[in-house]
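A quick write-up on the structure given underneath.
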Amino acid sequence: MHRDRLNRSGKFRKIRHVIQICSAVFFNGYIAGLRNGRIFTGKTKLFCVPVLNCYSCPAALGACPIGSLQAVLGTAGGRFPFYVLGILMLFGVILGRAVCGLLCPFGLLQDLLSRIPVRKVSVPGKADCLLRYVKYVILTLFVILLPAFFTDGTGGSVPWFCKFICPAGTLEGGIPLLILNPDLRSLAGPLFMWKMLLLAVTVTGAIFIRRFFCRYLCPLGAFYSLFSKFSLIRMKADRASCIECGKCSEVCPMSIDPVQQINGTECILCGRCGDACPSSAISYDLPVLTESSRK
Amino acid sequence: MNDMGKRSEKKVVLLRVFFLILGAVFTAIGILGEEYTIVLNKAVRICLECIGIG
């Protein structure tokens, strides 16, 4: 009953925005870093945050799980990343891709960019389907295999994804640190230009294609998608109540059909479909709110 | 809920519990092996690769 009211009034839209902003501030709360150009060095950086948030961002309070995964895999001698993988699994089982839809600051940025009033591009079905696999290739190749097996003279390896791809690192770490540190600015060369180019592509992509990076490129989203079928936070679609108006598909930032692909790997559990549904057929399926648990 | 629905729901719960336990065990092994020091050491220094100048 309460859930239905929440959906019809679109109240969850406001709650989602509050959660997204609070989460971005919570993970990037070291304001002093933005003044002095130094990164936070406190003990909270022991912990991996659930989102793609560069630990070289001057405001970051925690460690990026994707960067940490590469750091452990790339250690001289090689190590199995129990700690990082364990934390990621716990986040995956408890939150699933709600991390992408509700907590990720880079997701919030893409949501804001998608509000720029330009005609959105619809990627043709087959190309869209193929491109969605790119994030799994990036996860396997750049985050796991290359850092684990492509070692240098010291026996260690570089964080391949961070070094050659991650636009979040360029935006959250690279740009503010280079603005605040003239010494670092003098070191910027072709690699920085390459990363700026990738950031520009990502930003442009997000303006024309909603959640462009989440949809096609994010290795963390790819990892969490493995838990979509059984994560604790899920969505529920009541097909009997569905009037097939298609409003849920229209508002879906991942361009999926929420009724057909409910709790699928591409659903980021943002709840927009529930907001848009005129018959309240789609809602969150939280264990504490299910009918059986209420009895 | 029919039998198939019940079986599927049971599978979901089992997978959830399995990965919760596996995640907790992995985290514990990582903590015992002091893997967090690698994470901390990486996170408290400016990662030149991450920002595009390494």
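Here is how names work: the chains are called A, B, and so on, in the same order as the sequence lines, proteins then strands, and each is numbered from 1.
Using a 4.5 Å cut-off between heavy atoms, L232(A) contacts chain B through both its backbone and its side chain. Heavy-atom distances place no part of L32(B) under 4.5 Å from chain A, backbone and side chain included. Heavy-atom distances place both the backbone and the side chain of K163(A) under 4.5 Å from chain B. Contacts between R234(A) and chain B at a heavy-atom distance below 4.5 Å involve the side chain alone, from C-beta outward.
In plain terms, the two heavy atoms of L52(A) and L220(A) that are nearest each other are N-CD2, 3.4 Å. A pairwise comparison of heavy atoms in F161(A) and V143(A) identifies CB-CG2, 3.8 Å as the closest pair.
The candidate with the highest count of non-hydrogen atom pairs below 4.5 Å against chain B, out of A63(A), G67(A), P81(A), is P81(A). Taking chain B as the reference chain and counting heavy-atom pairs below 4.5 Å, the highest number among S231(A), P190(A), G189(A) is found for S231(A). Chosen from V72(A), T44(A), L177(A), L69(A), the residue pairing most often with chain B at heavy-atom distances under 4.5 Å is V72(A).
Between C50(B) and C47(B), the sulfur-to-sulfur (SG-SG) separation falls under 2.5 Å.
The structure places CD of Q70(A) at 11.5 Å from OG1 of T75(A), a figure rounded to the nearest 0.5 Å.
The closest donor-acceptor contact from the side chain of R38(A) to the backbone of G33(A) lies at 3.5 Å or more, if one exists at all.
The aromatic ring centres of F150(A) and W160(A) sit less than 6.0 Å apart.
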